[in-house]
Engineer: 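This structure is in structure tokens; I'll ask about it shortly.
Fair warning: this is a prediction, and the values are worked out from it, not measured in the lab. One-based numbering, in listed order, for ligands and for the atoms of each.
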Amino acid sequence: MLSVAILAAGKGTRMESSIPKVLHKISGKSLLQRVIDTCIKLNPDQIFVITGHKSKEVQKSIPENKKIKFVIQDPQLGTGHAIQVLCKEVKKHDGKLLILNGDVPLIRPNTLKNLLYLHDSKNADVSLITTKKTNPHGYGRVFLNGDFIERIVEEKDCNNLERENRLINAGIYCFKWGNLSEIINSLQSNNNQKEIYLTDTVSLLKNSLSLEVEDNGELQGINNRIQLSECEESIQNLIKEKHMLNGVTFINKASCSISEEAEIGKDVIIEANTHIRGNTKINSHCIIGPNTFIENSEVGLSCEISNSTVYASQIMDYIKIGPYSHIRPNSKISSYSKIGNFVEIKNSKLEEESKVNHLSYIGDSIIGRSTNIGAGTITANFDGQKKHQTKIGKNSSIGANTVFVAPINLGESVTTGAGSVITKDSKDNSLAISRTEQVNIENWERKKSLSN
Ligand code: UD1
Ligand code: CA
């Protein structure tokens, strides 16, 4: 029987934040969610998440799962106290209890499996993950006696000599739960932080073992925003390396960020300052960026998107977007289209080979195949209360600065005169024009301004 407990009750004072520490995110996912997702891969029988500070907020952030149970620790008197509360709340203490700090988000399932293996094969009372750090500042120092851990001393309780020890406690432990519950209530808080330390259990148990692993970044704990950004960087490096090995070029790797879920095809070039977020798929031979943000969207083959933002939309093949366009949610741009300079598109469908080249707003619209939207065209889709649709048939030619006062339905091969305000539907092959005729008054004398 394998049970997991994740410690997530602390405030995270050193984050200087109104958000609980474990809800801070790296690469779009909270620290706590990352630890939970990793633990689920071990297929445990049950997962206890210990919450306390802003517990409602923390619990709400986790999607429902039958295996996950929340235990409230209030007040929060230390990591040992958290487990005292758990042992009191849960009556059965069978099998192994794997305890993880909720602020060590990069721990890998394989490392946990190695810990469980060591624990079982050596029949340990407790086994825990340790590593030698070049800079161990802030971590509990682990002191060995032969093969066994003798004690762990927190940074704040170390004397100068103890502080020299570079072997640190990663905050990840496997206990024989039965043995742990027998000693858990004898922990004291007679230390410099006046807290009940979980780490004091190792001196109370007999067979305490250390699994020393290489310091490859996965054991980084997050106590402040510097460590948060270090973890973000290590995760981003891994993601980008994966894509580079799969045939993606990064022109300026450090300035780009890519979500873990993103899929990127071969021979895609990611230019500087480009951010691919959420569930996004970029197909082969695209050039994305510079200065581009794409979230929850699919981009087809051989597209070029520069200096633009795309949210929750579908961009098909051989399309050029930008510079400076904003494609808002629920848009579909069909193949061979061109969305040009300073164009905003929202909740609209553009058929193949459409062109919206300059300075337009197209909202709630359906634009037919091979239709050209002239510079400055605007759909006035909102009447102050409701949004309305604009429909323009295929092969149409929309004059510069046309305003469509929606709802509007134009047929196919329609032309609109430049500067027209279109308020009525029109049929196939018609010209729609609404503007006053130009008047030329000859020999017009300009009024002299008063100041002259
Ligand atoms: C802890 C360890 C330290 C180890 C380090 C690894 C102790 C006493 N020290 O120190 O040896 O090197 O982690 O990263 O355990 N929490 C609760 N309830 C509480 C207090 C904390 O649930 O009452 C949770 C926090 O939300 C956090 C985790 O426990 O997720 C660790 O707490 P933190 O205060 O960050 O411990 P460290 O000082 O980092
Ligand atoms: Ca910590």
Engineer: Tell me the protein heavy atom at minimum distance from atom 29 (O) of ligand 1, and give that distance in Å.
Structural biologist: Leu7 CB, 3.4 Å
Engineer: Within the 4.5 Å heavy-atom criterion, are Ile258 and Ile264 side-chain neighbours or not?
Structural biologist: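 They are in contact (side-chain heavy atoms under 4.5 Å apart), so the answer is yes.
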Engineer: Check this for me - ligand 1, Ala82, N or O atoms closer than 3.5 angstrom, yes or no?
Structural biologist: no
Engineer: Would you say Leu211 and Leu128 make side-chain contact, with heavy atoms under 4.5 Å?
Structural biologist: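 Leu211 does not reach Leu128 side chain to side chain.
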Engineer: Rounded to the nearest 0.5 Å, what separation is found between the NZ atom of Lys266 and the CG atom of Asn246?
Structural biologist: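 Spacing of NZ (Lys266) from CG (Asn246) equals 5.5 Å.
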Engineer: Looking at ligand 1, does Ala8 have a heavy atom less than 4.0 Å from it?
Structural biologist: yes
Engineer: For Asn296 and Asn279, does a side-chain donor sit closer than 3.5 Å to a side-chain acceptor?
Structural biologist: no
Engineer: Just to be sure I'm reading this right: ignoring hydrogens, which of Gln73, Arg14, Gln193, His81 gets closest to atom 37 (P) of ligand 1? Compare them by their nearest heavy atoms.
Structural biologist: Arg14
Engineer: Provide, to 0.1 Å, the distance between atom 25 (C) of ligand 1 and the closest protein heavy atom, together with that atom's residue and name.
Structural biologist: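 Of the protein heavy atoms, Gly10 N, 3.7 Å lies nearest.
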Engineer: Please tell me if the side chains of Lys349 and Ser365 come closer than 4.5 Å, counting only heavy atoms from C-beta onward.
Structural biologist: no
Engineer: Give yes or no for whether the N/O distance cutoff of 3.5 Å, strictly under, is met between Asp103 and ligand 1.
Structural biologist: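 Looking only at distances, the answer is yes, because the N/O contact criterion of under 3.5 Å is met.
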Engineer: Could you give me the CA-CA distance, side-chain angles and deciding distance for Thr292 and Thr309, then say whether side chain to side chain contact (heavy atoms under 4.5 Å, CB included) is met?
Structural biologist: CA-CA 6 Å; Thr292 292; Thr309 300; over 6 Å; no
Engineer: Side chains of Thr379 and Thr390: is there a donor and an acceptor less than 3.5 Å apart?
Structural biologist: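 Not at all, the side chains of Thr379 and Thr390 share no donor-acceptor pair under 3.5 Å.
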Engineer: Would you kindly specify which portion of Thr199 sits under 4.0 Å from ligand 1, judged on non-hydrogen atoms: side chain, backbone, both or neither?
Structural biologist: side chain
Engineer: Using a strict cut-off of 4.0 Å, indicate which atoms of ligand 1 neighbour a heavy atom of Gly78.
Structural biologist: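 Near Gly78, the atoms of ligand 1 are 18 (N), 19 (C), 20 (C), 23 (O).
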Engineer: Within the side chain of Ser297, is there an N or O that forms a donor-acceptor pair under 3.5 Å with the backbone of Ser313?
Structural biologist: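 The answer is yes, because a donor-acceptor pair under 3.5 Å joins these two groups.
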Engineer: Is the closest N or O pair between Tyr139 and ligand 1 shorter than 3.5 Å?
Structural biologist: no
Engineer: Return the option from Lys156, Glu154, Glu155 holding the heavy atom at the smallest distance from atom 11 (O) of ligand 1.
Structural biologist: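 Closest candidate by heavy-atom distance is Glu154.
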Engineer: For the rings on Phe293 and Tyr311, is their centre-to-centre separation under 6.0 Å?
Structural biologist: yes
Engineer: Indicate yes or no: does an N/O atom of Leu198 lie under 3.5 Å from an N/O atom of ligand 1?
Structural biologist: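 N/O-N/O distance below 3.5 Å does not exist for this pair.
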Engineer: Can you tell me which residue and heavy atom of the protein come closest to atom 15 (O) of ligand 1, and the distance to 0.1 Å?
Structural biologist: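 For atom 15 (O) of ligand 1, the nearest protein heavy atom is Thr79 OG1, 2.8 Å.
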Engineer: Hey, could you give me the CG/NE2 distance between Asp74 and His81, rounded to the nearest 0.5 Å?
Structural biologist: 9.0 Å
Engineer: Pull out every atom of ligand 1 sitting under 4.0 Å from any heavy atom of Gly140, numbered as shown with elements.
Structural biologist: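 The list of qualifying atoms is 3 (C), 4 (C), 11 (O), 12 (O).
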Engineer: For ligand 1, is there an N or O atom under 3.5 Å from any N or O atom of Ala9?
Structural biologist: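 By distance alone, the answer is yes.
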Engineer: Number the atoms of ligand 1 from 1 as they appear, then name those within less than 4.0 Å of a heavy atom of Ala170, with their elements.
Structural biologist: 6 (C), 14 (O)
Engineer: With carbon and hydrogen excluded and only N/O/S kept, which atom of Asp103 is nearest the Ca ion (ligand 2)?
Structural biologist: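 Looking only at N, O and S atoms of Asp103, the one nearest the Ca ion (ligand 2) is named OD2.
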Engineer: Assess Ile168 for proximity to ligand 1: is some non-hydrogen atom of it under 4.0 Å away?
Structural biologist: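 No.
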Engineer: Counting backbone and side-chain atoms alike, is an N, O or S atom of Asn101 positioned under 3.0 Å from the Ca ion (ligand 2)?
Structural biologist: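 False for Asn101.
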Engineer: Around atom 12 (O) of ligand 1, find the nearest protein heavy atom and jot down its residue, atom name and distance.
Structural biologist: Asn169 O, 2.6 Å
Engineer: Can you name the atoms of ligand 1, numbered from 1 with element, that are less than 4.0 Å from a heavy atom of Lys21?
Structural biologist: 35 (O)
Engineer: I'd like to know if Arg151 pairs up with Asp200 as an ion pair, taking the criterion as any Lys NZ or Arg NE/NH1/NH2 lying under 4.0 Å from an Asp or Glu carboxylate oxygen.
Structural biologist: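 Asp200 and Arg151: not salt-bridged.
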Engineer: Which atoms from ligand 1 have a heavy atom of Leu77 less than 4.0 Å away?
Structural biologist: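 Heavy-atom distances to Leu77 below 4.0 Å select 23 (O).
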Engineer: For atom 1 (C) of ligand 1, grab the closest protein heavy atom and report residue, atom and distance to one decimal in Å.
Structural biologist: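 Nearest neighbour among protein heavy atoms for atom 1 (C) of ligand 1, to 0.1 Å: Asn101 ND2, 3.6 Å.
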Engineer: Quiz question: by atom type and distance under 3.5 Å, do the side chains of Asp157 and Tyr197 form a donor-acceptor pair?
Structural biologist: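 Side chains of Asp157 and Tyr197: pair found under 3.5 Å.
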Engineer: How far is atom 39 (O) of ligand 1 from its nearest protein heavy atom, and which residue and atom is that?
Structural biologist: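 Of every protein heavy atom, Asn223 OD1, 3.5 Å lies nearest to atom 39 (O) of ligand 1.
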Engineer: Do the non-hydrogen side-chain atoms of Ile339 and Ile327 ever get within less than 4.5 Å of each other?
Structural biologist: yes
Engineer: Between Asp215 and Lys133 (salt bridge meaning N to carboxylate O under 4.0 Å), is one present in this structure?
Structural biologist: yes
